[in-house]
Number of protein chains: 2
Amino acid sequence: MKQLKTPKGTRDYTHPETETRRGAIDKIVAVFRKHGAVEIETPVLELRDLLLDRYGDDTKLIYNLEDQQGELCSLRYDLTVPFARLLGMKNIQKIKRFQIGKVYRRDQPAMTKGRHREFYQCDFDIAGSHPEMAADAECLAALCSVLDALGVGRYTVVVGHRLVLDGVLEVCNVPAGKKKTVLSSIDKIEKQGWECVLDELTREKGIDRSVASAIRTVMETGTGLCSVKDNQVLMENETIKKGVAQMERLFSYVDAFGRLGSVVFDIKLARGLDYYTGLIFEAVLEDKSVGSIAGGGRYDELVGQLSGKGPVPCVGFSVGIERIFAMLKEEGTENNTVAVIGVGKEEETLGWAMRVAALLWRRNIGARLDLGRRFLDQIQRCEREDTRVAVIVGKKETAEKTVLVKSVKEKDDRGRPVPEAEIVVAVEALLRTA
Amino acid sequence: MKQLKTPKGTRDYTHPETETRRGAIDKIVAVFRKHGAVEIETPVLELRDLLLDRYGDDTKLIYNLEDQQGELCSLRYDLTVPFARLLGMKNIQKIKRFQIGKVYRRDQPAMTKGRHREFYQCDFDIAGSHPEMAADAECLAALCSVLDALGVGRYTVVVGHRLVLDGVLEVCNVPAGKKKTVLSSIDKIEKQGWECVLDELTREKGIDRSVASAIRTVMETGTGLCSVKDNQVLMENETIKKGVAQMERLFSYVDAFGRLGSVVFDIKLARGLDYYTGLIFEAVLEDKSVGSIAGGGRYDELVGQLSGKGPVPCVGFSVGIERIFAMLKEEGTENNTVAVIGVGKEEETLGWAMRVAALLWRRNIGARLDLGRRFLDQIQRCEREDTRVAVIVGKKETAEKTVLVKSVKEKDDRGRPVPEAEIVVAVEALLRTA
């Protein structure tokens with residue numbers, strides 16, 4: 001007999017964790033719907049071809065299915081590429097959608113920090129042509145509303161722009177073929193510090209020391225939008241100028257949405273994924289230990305790349321709830337389920353207890369049947385599970401077609417005898433007061 | 001460029017299908033909670049060893065993951081074996097739980113009939129020692145409540161008992177080693193008819209013609225519980241007698257739950273899975289074309305087999321919502337989202353429209369921003385999407401910090417000018433009446 005376990009990087013969730021999660025998902029869905037988004041759901045499996053070459057170095061983290069004499073499939077790595085596939089497949093030009101589902105990454109797990117191999121993503125995306133930066137700003141507003149609704153405490157949404165970064169790489173003379181790999185190093189500055197990143201750039205990636213120093217100088221001159229605007233060398237670059245103009249427009253819209261206090265520009269933010277083309281952003285909590293809990297950006301080329309048809313501009317974000325749960329406490333919810341206790345083993349007594357339970361269910365009152373065990377055990381179970389009200393059926397009650405309705409926490413309360421016609425009213429009254 | 005598609009037997013779901021599904025799942029969860037069940041969630045991946053030899057012939061339908069230098073994993077085939085694994089792993093002796101999740105079977109798909117390779121199961125199970133047939137009857141009651149809540153129309157829950165079937169096989173002299181394979185043939189009587197099944201039994205499975213005839217005679221004497229009780233030959237068999245006594249007790253409890261009219265005994269019901277040990281059942285709709293939409297039974301040995309520890313008696317069922325959806329019509333839900341329309345391209349106008357949307361969101365009113373396009377296009381979109389109320393912002397309104405609030409379906413209504421402080425009240429009033 002082998003030891004029973006779940007696959008590495010996965011785990012079981014039991015009550016009350018599942019209740020907290022269901023509550024959180026409900027809150028997220030409510031925010032998404034408030035923005036007029038509709039739900040879509042794509043399969044957990046995708047054809048392997050679709051996923052290859054979409055995630056840069058991380059392609060190695062994709063879970064492949066065995067070739068079982070059919071199509072070659074993989075588990076989805078995110079919800080963004082499947083969404084882009086759906087847009088291309090169905091020729092959808094404009095949609096605001098959300099999707100909540102699990103994604104799979106064969107990453108090194110760190111379960112206590114909420115880094116799993118199977119985890120939920122809650123995605124919100126706006127596809128289609130809109131006035132410049134308007135949909136981008138709405139994504140930031142929706143993300144802030146989600147974080148507020150979840151009650152994660154103080155957070156900052158750090159924003160950057162791929163055009164600004166591209167311009168910086170031009171100004172610093174990074175060779176065209178090395179831009180992607182340099183971006184992925186820049187993305188590590190915050191976590192690993194400059195010494196590490198300079199080392200990686202020059203030794204591993206073969207970037208000239210002068211080029212690497214130039215990048216560092218730009219980044220250290222100041223990472224805010226004003227620093228970039230004040231830097232004449234940068235502002236002479238047309239790509240940077242365009243990016244900065246877009247960011248200024250974005251901030252005027254973020255202000256209109258009332259979110260100026262939560263959004264901060266940082267030139268260092270790069271984000272690894274290949275498909276971003278404009279705005280990029282990440283939400284970080286004041287308690288930095290959980291890392292970023294949400295992220296997204298604009299990906300105007302992805303749909304066209306997949307479908308071979310015209311482009312469909314898109315912008316959106318993912319929220320990772322596992323990381324948030326690693327930090328939040330479980331919510332206590334009041335247990336409104338009544339215990340219906342049948343004492344003894346006689347079929348008649350158990351049958352009468354069942355009739356009473358069915359009566360409560362029909363009136364939408366939660367009723368947990370607890371049959372046949374000793375009365376004391378049953379009451380102790382009520383206490384353990386925070387059941388506040390017990391409806392008790394013994395031999396005498398069965399004969400008389402009555403029940404005893406009792407408040408669990410009142411030790412002395414032996415239960416009030418109630419005839420069948422009054423059970424619902426008596427239980428509802430005690431649920432309100434017990 | 002390859003054609004974009006989803007893997008065979010899977011599909012995308014878009015609005016309003018996802019809305020119907022989310023509504024259905026909410027209804028199912030409400031019933032499960034009313035019975036005092038708590039939610040659990042297990043991974044979609046399981047170690048492959050756990051799943052092998054649990055599903056008889058259907059083991060070949062399991063999706064295996066590629067060996068990527070780690071553990072050998074498969075996608076779950078059902079939610080029952082993972083639940084039993086969890087009970088064994090965590091040493092849980094007693095729990096009433098529900099789980100809703102996707103399962104995976106490499107079966108021949110029939111998408112229009114709701115037979116997919118990726119589909120939802122909604123499971124409800126009661127584990128632990130309870131008075132005989134009490135938990136079994138509660139499962140039937142919960143199943144009926146779920147089907148009522150979903151509004152599937154007229155249905156029957158067909159019940160059988162493995163002990164009764166085992167006894168019939170004894171009486172008919174089926175060799176011990178052939179019992180499982182004979183059961184799987186009996187399970188096909190309803191669908192394929194006796195000629196097919198007799199042929200399969202005698203030619204393919206090498207059962208004596210006299211034995212096969214004896215089985216047929218028993219089955220055709222009458223499939224109800226009374227027929228079995230009236231059959232003296234059968235009732236002399238101790239196994240059958242025990243099974244019949246349990247069924248009589250079950251029916252007295254089903255009566256107590258008020259579900260006698262929906263539950264019918266049928267000796268022919270066998271159900272394929274190896275792990276059932278007592279009660280087995282299936283829900284069928286009057287519109288038989290969708291086949292069974294839910295099924296379950298008692299599996300007292302499974303947890304012990306997996307964990308090597310003592311047994312944990314279990315009984316439960318799965319509801320397959322895809323098959324129900326294949327039959328139900330989509331529910332129309334009233335669109336309570338307001339369109340906030342910014343006409344023109346000026347940043348100030350769009351910004352004022354955003355401020356108005358943010359104001360509505362803060363008051364929990366759904367607001368879909370529609371910016372920059374021609375007014376007529378925007379109103380036509382409202383009509384297309386059943387948006388009833390539009391809040392319009394143009395140059396004049398931006399300068400005055402007002403909006404126009406308009407009922408979409410009133411063609412002549414040009415919109416009533418409303419100052420900022422009165423927007424929420426005006427919108428709420430129009431949502432009630434428009």
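Convention: sequence-line order gives letters A, B, ...; per-chain numbering from 1.
Considering only heavy-atom pairs separated by less than 4.5 Å from chain B, the leading option among A:G366, A:P43, A:A357 is A:P43. Your options are B:V31, B:V356, B:L45, and the one with the most heavy-atom pairs under 4.5 Å with chain A is B:L45. Looking only at heavy-atom pairs under 4.5 Å with chain A, the residue among B:T387, B:I365, B:N336 that has the most is B:I365. Between chain B and the residues A:V38, A:I126, A:T10, the largest count of heavy-atom pairs under 4.5 Å involves A:V38. Each of B:T42, B:N64, B:L86 has some count of heavy-atom pairs under 4.5 Å with chain A, and the biggest count is that of B:N64. For the set A:M89, A:Q68, A:R355, the entry with the most heavy-atom pairs within less than 4.5 Å of chain B is A:Q68. Listed options A:Y63, A:W352, A:Y253 were ranked by heavy-atom pairs under 4.5 angstrom with chain B; first place goes to A:Y253. In terms of heavy-atom pairs under 4.5 angstrom with chain B, the leader among A:A367, A:A339, A:G372, A:C73 is A:A367. Ranked by non-hydrogen atom pairs under 4.5 Å with chain B, the options A:H35, A:E138, A:R368, A:K8 are led by A:H35.
For chain B, no part of A:K309 is nearby; none of its heavy atoms comes within less than 4.5 Å. Looking at A:T337, only its side chain comes within 4.5 Å of chain B, counting heavy atoms on both sides. Contacts of A:L50 with chain B are made by side-chain atoms alone, with heavy-atom separations under 4.5 Å and no backbone atom involved. Contacts between B:E71 and chain A at a heavy-atom distance below 4.5 Å involve the side chain alone, from C-beta outward. Contacts between B:R21 and chain A at a heavy-atom distance below 4.5 Å involve the side chain alone, from C-beta outward. Contact annotation for A:L359: neither backbone nor side-chain heavy atoms come within less than 4.5 Å of a heavy atom of chain B. Using a 4.5 Å cut-off between heavy atoms, B:N364 contacts chain A through both its backbone and its side chain. Of the two parts of B:R48, only the side chain, counted from C-beta on, holds a non-hydrogen atom closer than 4.5 Å to a non-hydrogen atom of chain A. Neither the backbone nor the side chain of A:H130 comes within less than 4.5 Å of any heavy atom of chain B. At a 4.5 Å heavy-atom cutoff, the contact between A:D255 and chain B is made by backbone and side-chain atoms alike. Looking at B:E118, the atoms closer than 4.5 Å to chain A (heavy atoms on both sides) all sit in the side chain, from C-beta outward. For a residue to count as touching a neighbouring chain, one of its non-hydrogen atoms must lie under 4.5 Å from one of that chain's; by this rule B:L72 does not touch chain A. For B:R106, the part lying under 4.5 angstrom from a heavy atom of chain A is the side chain only. In this structure, the portions of B:E39 lying under 4.5 Å from any heavy atom of chain A include both its backbone and its side chain. Neither the backbone nor the side chain of B:K60 comes within contact range of chain A, judged by heavy atoms closer than 4.5 Å. Contact annotation for A:K5: both backbone and side-chain heavy atoms come within less than 4.5 Å of a heavy atom of chain B. Residue A:I62 touches chain B through its backbone alone, counting heavy-atom pairs closer than 4.5 Å.
Here the options are A:R85, A:R97, A:K90, the test is salt bridge (Lys or Arg N to Asp or Glu O under 4.0 Å), and the partner is B:D12; only A:R85 passes.
Put simply, the side chain of B:L369 reaches to within 4.5 Å of the side chain of A:F257, judged on heavy atoms. No side-chain heavy atom of B:P131 sits under 4.5 Å from any side-chain heavy atom of A:K345.
Remark: A:L350 CG to B:E132 CD distance equals 11.0 Å, nearest 0.5 Å. To the nearest 0.5 Å, atoms NZ (A:K34) and CZ (B:R362) are separated by 10.0 Å. Annotation: the span from B:E66 atom CD to A:S74 atom OG amounts to 7.5 Å, rounded to 0.5 Å. B:S129 contributes atom OG, which lies 9.5 Å from atom CZ of A:R373 (distance to the nearest 0.5 angstrom).
A salt bridge between B:E41 and A:R22 is absent, with no side-chain N of the basic residue lying under 4.0 Å from a carboxylate O of the acidic one. Ionic pairing of A:E19 and B:R33 is present here: one or more N-O contacts between side-chain nitrogen and carboxylate oxygen are shorter than 4.0 angstrom.
At a cut-off of 3.5 Å, with distance as the only test, no side-chain donor of A:E46 or B:T6 sits close to an acceptor on the other residue. Side chains of A:Y13 and B:Q99: a donor-acceptor N/O pair is absent below 3.5 angstrom, by distance only.
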side-chain contact (heavy atoms from CB on, under 4.5 Å) between B:T14 and A:I95, worked out: CA-CA 11 Å; B:T14 51; A:I95 191 174; 5.8 Å; no

Trace of the side-chain contact (heavy atoms from CB on, under 4.5 Å) decision for B:L4 with A:L47: CA-CA 9 Å; B:L4 292 175; A:L47 294 180; over 6 Å; no

Intermediate values then yes/no, side-chain contact (heavy atoms from CB on, under 4.5 Å), B:Y104 and A:V44: CA-CA 10 Å; B:Y104 297 84; A:V44 166; 3.2 Å; yes

